[in-house]
Amino acid sequence: MSKKIIVILGPTASGKTGLSIKLSKKFKGEVVSADSRQVYKGMDIGTGKITKKETQGIPHYLLDVADPKKRFDVAQYKILADKAIEKIFNKGKIPFLVGGTGFYIQSIVDNIQILNVKPDWKLREKLEKKPLPELYRMLAKLDPARAHNIDKNNPRRVIRALEIVLKSKRPIMPLIKNKPAFEVLLIGVKRPKKELKKLIEKRLLKRLDEGMISEIKKLHKSGVSWKRLEEFGLEYRYVAQYLQNKLSYGQMVWHLQKATEHYAKRQMTWFKRDKRIKWIKDTKQAEKLVKKFL
RNA sequence: GCCGGAGUAGCUCAGUGGUAGAGCACUGCUCUGAAAAAGCAGUGGUCGAAGGUCCGAUUCCUUUCUCCGGCA
């Protein structure tokens with residue numbers, strides 16, 4: 001019998017968390033979060049991190065594993081998540097990978113081989129100062145194949161590609177998808193666009209009500225710079241801007257709503273590519289799928 | 001009522017005597033250690049209305065309507 005994991009994914013505010021608890025309770029599951037922001041300590045309200053009470057005793061992994069002052073990335077995520085999944089298997093439970101960060105989910109589900117070139121932030125800073133076309137020309141010289149299919153307008157991609165050639169002294173390898181060590185069921189939670197917008201709005205107001213602004217104030221007081229907070233995006237970005245008086249309260253709310261809607265759309269664009277995903281309408285349908293899969 | 005200013009894309013506005021652009025919104029997309037990040041593309045307007053001048057008006061002129069200031 002091969003090992004099985006269940007993935008619950010979908011755009012923000014679609015109701016993944018609630019479903020994950022229902023399913024993991026019913027099927028003896030434990031949850032591995034696949035959320036690039038919930039990994040950080042102290043970022044709770046703004047990320048919609050599940051509360052202790054809400055977990056109803058279901059163990060959760062990959063929450064609060066990183067310091068917001070430091071950088072976290074897929075590579076670290078993959079190591080920790082693989083470990084958590086292994087641990088759950090050893091307990092005889094079913095791992096539920098739950099979240100909206102497509103890249104993180106892919107790293108697990110497709111067992112992506114991550115290149116052995118660590119980020120070099122000093123180098124990145126240095127490269128960032130140069131004009132993008134110049135960076136692209138450099139890349140075209142050092143790794144023509146990569147330059148050919150890269151997005152030349154995207155500084156982050158170009159810089160990372162350069163980082164790889166410069167540090168490893170050789171062109172980038174093609175992406176390797178290792179054979180996954182387990183069978184995967186991908187469940188997608190989708191909502192009609194209009195409904196999702198309303199859910200986002202409702203949730204945003206709730207978060208403000210719950211003290212999201214003081215959470216972010218607190219993070220800043222504890223040493224997380226405004227720049228860093230703005231880097232996190234969404235709530236952390238716009239509330240940080242509001243706290244610096246770069247935005248009025250009304251502007252902050254408006255931007256936050258729009259940015260979250262855009263984010264949800266980007267998530268869907270990512271997920272749509274994966275034809276393995278089974279999109280469900282309600283919990284019942286999900287339960288059926290899981291039962292059949294197990 | 002009088003005097004100014006403004007009416008151009010869903011919104012905020014640029015612009016020109018030869019039938020129009022930007023930012024945002026909207027739609028679609030990309031993704032090899034920042035992924036809630038970082039990028040790309042596309043749709044969209046009888047230029048407030050009616051007359052006039054002109055080969056030709058969104059642009060000039062007249063009238064008209066609406067909005068915003070100021071004065072009564």
Side-chain angles (χ1 to χ4, degrees), chain A residues 9-13 33-40 43 45-49 66 68-81 99-107 110-121 123-125 127-128 132 135-136 139 143 145-147 149-165 167-168 171-178 193-194 197 200 203-204 207 212 216 227-240 251 254-274:
Chain A
L9 53 81
T12 191
S33 164
D35 187 299
S36 67
R37 297 296 183 260
Q38 292 185 2
V39 293
Y40 293 108
M43 291 168 54
I45 301 170
T47 63
K49 202 180 283 169
K69 277 175 251 171
K70 295 189 187 139
R71 293 180 189 273
F72 188 85
D73 57 48
V74 231
Q76 297 172 62
Y77 176 79
K78 180 156 168 43
I79 292 167
L80 295 175
T101 304
F103 195 27
Y104 284 15
I105 294 171
Q106 192 198 16
S107 79
D110 290 334
N111 204 6
I112 298 263
Q113 172 119 39
I114 283 156
L115 288 162
N116 196 22
V117 182
K118 284 187 190 146
D120 179 341
W121 288 93
L123 175 67
R124 288 183 182 188
E125 252 170 64
L127 292 175
E128 258 167 32
L132 189 53
L135 295 174
Y136 182 72
L139 182 65
D143 188 349
R146 177 62 175 143
N149 60 13
I150 205 170
D151 175 1
K152 67 180 78 165
N153 293 307
N154 193 326
R156 291 207 178 161
R157 293 276 139 63
V158 174
I159 286 172
R160 158 101 271 236
L162 275 172
E163 182 177 67
I164 290 165
V165 243
K167 303 283 285 189
S168 71
I172 190 170
M173 309 254 294
L175 180 68
I176 297 170
K177 293 183 179 181
N178 290 320
K193 206 177 298 174
K194 245 181 139 180
K197 285 185 181 185
I200 289 168
R203 193 184 66 177
L204 172 55
R207 286 180 181 181
M212 180 166 75
I216 291 161
K227 184 167 169 269
R228 177 71 173 141
L229 284 167
E230 289 194 33
E231 244 174 42
F232 286 126
L234 300 188
E235 350 289 271
Y236 298 91
R237 171 177 296 172
Y238 295 106
V239 172
Q251 283 171 325
W254 185 84
H255 277 292
L256 209 30
Q257 177 71 28
K258 282 300 161 198
T260 308
E261 289 172 10
H262 289 162
Y263 171 51
K265 195 150 47 181
R266 257 177 287 133
Q267 287 178 299
M268 282 309 296
T269 304
W270 178 287
F271 294 137
K272 264 192 277 184
R273 293 187 306 181
D274 194 335

Q. What residues form a side-chain hydrogen bond (donor to acceptor under 3.5 Å, both in side chains) with Tyr236(A), not counting sequence neighbours?
A. Glu215(A)
Are there any protein N/O atoms within less than 3.5 Å of an N/O atom in nucleotides 42-44 of chain B, and if so, which ones and at what distance?
none

Q.
Using side-chain contact (heavy atoms from CB on, under 4.5 Å), reason through Val117(A) and Arg160(A) one step at a time and then give a plain yes or no.
A. CA-CA 10 Å; Val117(A) 182; Arg160(A) 158 101 271 236; 3.5 Å; yes
Q. Is Lys272(A) touching bases, backbone alone, or none of the nucleic acid, heavy atoms closer than 4.0 Å?
A. sugar-phosphate
**Q.** Between rU30(B) and rU19(B) - C1' atom distance, rounded Å
**A.** 37 Å
Q: Classify the ring geometry between His255(A) and Tyr238(A) as parallel (under 30°), tilted (30 to 60°) or perpendicular (over 60°).
A: parallel
Q. What's the CG-P distance between Asp143(A) and rU32(B), to the nearest Å?
A. 13 Å
Q) Between Ile105(A) (CD1) and rU32(B) (P), how many Å, whole number? A) 16 Å
Q: Just compare rG33(B), rG28(B), rA35(B) and give me whichever is closest to any side-chain atom of Lys265(A).
A: rG28(B)
**Q.** Which residues share a side-chain contact (heavy atoms from CB on, under 4.5 Å) with Ala13(A), sequence neighbours left out
**A.** Leu196(A), Leu199(A), Ile200(A), Arg203(A)
Q. Reckon Trp254(A) touches a base, only the sugar-phosphate, or nothing at all at heavy-atom distances under 4.0 Å?
A. sugar-phosphate
Q | Phosphate-side-chain proximity, Arg37(A) and rA35(B), N/O vs OP1/OP2 below 4.0 Å | A | yes
Q: Mind calculating the distance between CH2 (Trp270(A)) and P (rU30(B)) to the nearest angstrom?
A: 10 Å
Q. Taking atom P in both rA38(B) and rU32(B), what distance in whole Å separates the two?
A. 15 Å
(Q) Determine whether Lys227(A) and Glu230(A) satisfy the following criterion, salt bridge (charged side-chain N to carboxylate O under 4.0 Å, His left out), listing intermediate values before the conclusion. (A) CA-CA 5 Å; Lys227(A) 184 167 169 269; Glu230(A) 289 194 33; over 6 Å; no
Q) Starting at the 5' end of RNA chain B and moving along, which residue's nearest nucleotide shows up first, Asp35(A) or Glu163(A)? A) Glu163(A)
Q) Any side-chain N or O of Arg157(A) under 4.0 Å from OP1/OP2 of rU32(B)? A) yes
Q.
On RNA chain B, compare the nucleotides closest to Asn153(A) and Asn116(A); which residue's is nearer the 5' end?
A. Asn116(A)
Q: Indicate the atoms forming the closest heavy-atom contact of Asp73(A) with Pro119(A), along with that distance.
A: OD2-CG, 4.0 Å
Q: Could you tell me whether Arg124(A) contacts a base, only the sugar-phosphate backbone, or nothing, with contacts defined as non-hydrogen atoms closer than 4.0 Å?
A: base
Q | Closest nucleotide among rA35(B), rC26(B), rA38(B) to the His262(A) side chain | A | rC26(B)
Q) When you look for runs of 3 or more Watson-Crick or G-U pairs in a row, both distances below 3.5 Å, which of them include RNA chain B? A) B:1-7 with B:65-71, B:10-13 with B:21-24, B:26-30 with B:38-42, B:48-52 with B:60-64
Q. Do Leu80(A) and Phe72(A) touch side chain to side chain, with heavy atoms closer than 4.5 Å?
A. yes
Q) Whole Å only: how far is the NZ atom of Lys258(A) from the P atom of rG10(B)? A) 15 Å
Q.
Is the shortest side-chain heavy-atom distance between Met212(A) and Leu204(A) below 4.5 Å?
A. yes
Q. rA34(B) P sits how many Å from Phe72(A) CZ, rounded?
A. 12 Å
Q. With respect to the side chain of Pro119(A), which nucleotide from rA34(B), rC26(B), rG39(B) is positioned closest?
A. rA34(B)
Q. Nearest of rG39(B), rC26(B), rU32(B) to any side-chain atom of Glu261(A)?
A. rC26(B)
Q | Selection from rG28(B), rA35(B), rA38(B) that lies nearest to any side-chain heavy atom of Thr101(A) | A | rA35(B)
Q: Answer with base, sugar-phosphate or nothing: what part of the nucleic acid does Lys193(A) contact at a heavy-atom distance below 4.0 Å?
A: sugar-phosphate
Q: Can you tell me, in whole Å, how much space there is between the P of rC55(B) and that of rG44(B)?
A: 34 Å
**Q.** Qualifying residues under side-chain contact (heavy atoms from CB on, under 4.5 Å), relative to Asn153(A), sequence neighbours excluded
**A.** Asp151(A)
(Q) At 4.0 Å (heavy atoms only), tell me whether His255(A) reaches a base, stays on the sugar-phosphate, or touches nothing. (A) nothing
(Q) Taking only the C1' atom of each, what is the distance from rU62(B) to rC71(B) in whole angstrom? (A) 26 Å
Q: Give a yes/no on whether any side-chain N or O of Arg160(A) is located under 4.0 angstrom from OP1 or OP2 of rG39(B).
A: no
Q. Rounded to whole angstroms, how far apart are CG on Leu256(A) and P on rA25(B)?
A. 14 Å
Q) Gly46(A) near the nucleic acid: base, sugar-phosphate alone, or nothing, with a heavy-atom cut-off under 4.0 Å? A) base
Q) Quick one: ring pair (Phe, Tyr, Trp, His ring centres under 6.0 Å) partners of His262(A), sequence neighbours excluded? A) none
Q: Could you work out the separation of rG17(B) and rC61(B) based on their C1' atoms and round it to a whole Å?
A: 13 Å
Q. What closest approach, in Å, do Tyr77(A) and Ser107(A) show between heavy atoms, and which atom pair accounts for it?
A. CD2-OG, 4.0 Å
Q.
Rounding to an integer number of Å, can you tell me how far Glu230(A) CD sits from rA34(B) P?
A. 20 Å
Q. Are Tyr77(A) and rG33(B) close enough that a side-chain N or O sits under 4.0 Å from OP1 or OP2?
A. no
(Q) What is the distance, to the nearest angstrom, from the OH atom on Tyr263(A) to the C1' atom on rG39(B)? (A) 16 Å
Q) For atom C1', what is the distance between rC40(B) and rG52(B), given to the nearest Å? A) 48 Å
Q) Would one find a side-chain N or O of Lys78(A) under 4.0 angstrom from OP1 or OP2 of rG33(B)? A) no
Q. Using atom C1' of each nucleotide, how far apart are rU8(B) and rA49(B) to the nearest Å?
A. 14 Å
Q. If you look at every strand shown and take non-hydrogen atoms under 4.0 Å, does Thr47(A) touch a base, only sugar-phosphate, or nothing?
A. base
Q. Would a distance-only check, ignoring hydrogens and angles, find a side-chain to backbone donor-acceptor pair under 3.5 Å from Glu261(A) to Lys197(A)?
A. no
